[in-house]
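Numbering starts at 1 and runs along the sequence shown. Indexing begins at 1, ligand by ligand and atom by atom, following the structure's order. Remember, it's a predicted structure, so these values are computed and weren't measured experimentally.
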Amino acid sequence: MAEGTKDEGTRFDAIVVGAGFAGLYMSHRLREAGKTCRVYEAGTDVGGTWYWNRYPGARCDAESLAYSFSFSPALEDEWEWSERYATQPEILRYLGHVADRFDLRRDIRFERRVERAVYDEAACEWTVTTDGGDVARAPVVVMATGCLSVPLVPEIPGLADFEGPKFYTGAWPHEGVDFAGRRVGVIGTGSSAIQAIPVIAAQAAALTVFQRTPNFSVPAHNHALDPDWLADFKKHYREHRRFHRLGLASGFGDLEIEPKEFEPLMNSALEPDDETFDAICEQFWQTGGAIFLRVAQDMMTDEKANARVADFVHRKIRETVKDPETAEALCPRSYPMGTKRLCVDTDYYATFNRENVRLVDLQKSPIDRITATGVRLGGDADEEIELDSLVLATGFDAMTGALSKIDVRGVGGGTLADKWAAGPRAYLGFMVSDFPNLFTITGPGSPSVLSNMVTSIEQHVDLVMDCLAEMEARGARTVAADGEAEEGWVAHVNEAASATLMPKAGSWYLGANVPGKPRVFMPYVAGVGIYRQICEGIVEDGWRGFSFA
Ligand code: N01
């Protein structure tokens, strides 16, 4: 339980849960509008996902000049990003700077995990309680809880028996970990592992990577930002930001090629002859980053087109990884490329050429159990791998995890957990019917994790402020999503996903990584530009689908 002053029935205009990008910007906008606000944050400082994910090699896979706030040109001007893709410590420093610059810390209570939020229909007010004993009331609650903030503990027999240190990438020790001279095992090969593995391999005596499903990864081609280039870029920042908000790239950036060429280069990956096809793919590969998925218009809709691009990546893996068996095991084949989150790496595949690195293909040799001193493989392997340290890069209960952990009770005392028992339902991913005056920043049903999160966060926070202004203009005390509008939106989100290859992988987008979680494709696939236009249309139509009372 946290020390310090407690809120004891204190009333605010709004309560914000979380002090990452979303919570910070939300509290800034509320403050600017003259509203009182309390932010509760479980960590000891600001940062959200960047506070917790401190594993070696952690950096953002959206470009720093795009993955940063756009609301303040002065902030843009004064902050100097040092690299194309910022490291976790640099992003955390940036968020600390934002908190100080806009004097946001005074509204934040740290080391407070929100446990309950209960709506009182008569008073049109929420009561929020924390594990630090705070009780606070506000007409408005904003959930800025993040999409990837609840690390998963995998169900692997014997996990508790391991006697050496265990580290979760999503909750890494703040003091750092020295792997020098140690025999390290990494379980998982998602984005976190793919960033951590090359760095751990360079430190450890031996590294064993336990891979259940190989992931597609493209090179980051990260580099320091040239000060002259940066100064020139900043002259056109507004134009770039407009592109991030409205472009097809889901706000990711891809600054080295935009805004001049943001259309995919191939209408269909099936059209060009082999030489042209390879040359275009190579151009994208050399550019680096998640833009690779835009190499062809039909990349995410046509399985054959996707397979042709995947084959290019398989060839790249085979060219890089010297041991043919390891190279084959690293080639993803069980799902179309991009239907699991594309990873962006620095030297991931080349790391498997190191003498001290071994890949264990769990498809062939599954983990039988974890023992006190290592990992026992079953199947044909029947082998025990001795380990000193274990790294679990096993992912998150994504998008709904953080919200489901809070006991949220809306109209009639109904809980959010019950409402979402068969999968999340939210209007625009922004409000949930029966939960008036409660906003979900980048909630399920919005582009969120398929976009540059900062672009999407700013749009949702601005929409909250517009919604509060509309309430005031109408003299309303409550706003709520209509059940029918919500049903329609959920159907549209599913339909949009079904028109693509996205549901074809057992991904965390679908909740497939969490045993027992209903399989519903959670993010909205159509991109930030289209989503923004839809939201603007709804507002112009007098907030269609929302009821003010
Ligand atoms: O998690 P993941 P992550 N036995 O869920 C494996 C964002 N992010 O933390 O695929 C063995 O992707 C699991 O295997 P499988 C980004 O959006 C961004 O890496 O389920 N293995 C998988 O390989 C990303 O997508 C950045 O078969 C087990 C891995 O663990 C998201 O966070 C950096 C297992 C989990 O991969 C999540 O990434 C990092 C078991 N029992 C993360 N259980 C950047 O901005 C799970 N696995 C760069």
Worksheet item: What residue and heavy atom of the protein are closest to atom 9 (O) of ligand 1, and at what distance?
Response: Ser192 OG, 2.6 Å
Worksheet entry | Top protein contact for atom 2 (P) of ligand 1, by heavy-atom distance | Gly395 CA, 4.0 Å
[X] N/O under 3.5 Å from ligand 1 N/O:
X: Gln195; value: no
X: Ala393; value: yes
X: Arg341; value: yes
X: Trp508; value: yes
X: Asp61; value: yes
X: Arg212; value: yes

Worksheet item: So which of Ser191, Pro214, Pro151, Gly190 gets nearest to atom 18 (C) of ligand 1, if we judge by its closest heavy atom?
Response: Ser191
Worksheet entry | Per atom 23 (O) of ligand 1, closest listed option by heavy atom (Ile187, Thr213, Leu159, Thr189) | Thr189
With the threshold set at 4.0 Å, does a side-chain nitrogen-carboxylate oxygen contact exist between [X] and [Y]?
X: Asp298; Y: Arg308; answer: no
X: Arg84; Y: Glu90; answer: no
X: Glu80; Y: Lys234; answer: yes
X: Arg59; Y: Glu83; answer: yes
X: Glu282; Y: Lys316; answer: yes
X: Lys517; Y: Asp397; answer: yes
X: Asp161; Y: Arg369; answer: yes

Discussion item. As a quick check of understanding, evaluate salt bridge (Lys or Arg N to Asp or Glu O under 4.0 Å) for Arg333 and Glu328, giving each step before the final call.
Written reply: CA-CA 10 Å; Arg333 295 179 196 286; Glu328 282 319 305; 2.6 Å; yes
Discussion item. Evaluate Tyr349 against Leu330 for side-chain contact (heavy atoms from CB on, under 4.5 Å), listing each step before the verdict.
Written reply: CA-CA 8 Å; Tyr349 293 119; Leu330 286 166; 4.0 Å; yes
Interfacing atoms of ligand 1 (cut-off 4.0 Å, heavy-atom, [X]):
X: Arg59; result: 44 (C), 45 (O), 48 (C)
X: Cys60; result: 45 (O), 48 (C)
X: Tyr55; result: 33 (C), 39 (C)
X: Lys340; result: 10 (O), 15 (P)
X: Leu148; result: 7 (C), 17 (O), 31 (C), 32 (O)
X: Gly188; result: 6 (C), 23 (O), 29 (C), 30 (O)

Discussion item. Can you confirm whether Leu501 sits close enough to Thr301 that some side-chain heavy atom of one is under 4.5 Å from a side-chain heavy atom of the other?
Written reply: no
Worksheet item: Quick one: does Val391's side chain get under 4.5 Å of Tyr168's, heavy atoms only?
Response: no
Worksheet item: Hey, does Phe210 sit under 4.0 Å from ligand 1 if you only count heavy atoms?
Response: no
Item to complete: Report the part of Ile156 (side chain from C-beta onward, or backbone N, CA, C, O) that has a heavy atom under 4.0 Å from ligand 1; answer both or neither where that applies.
Response: side chain
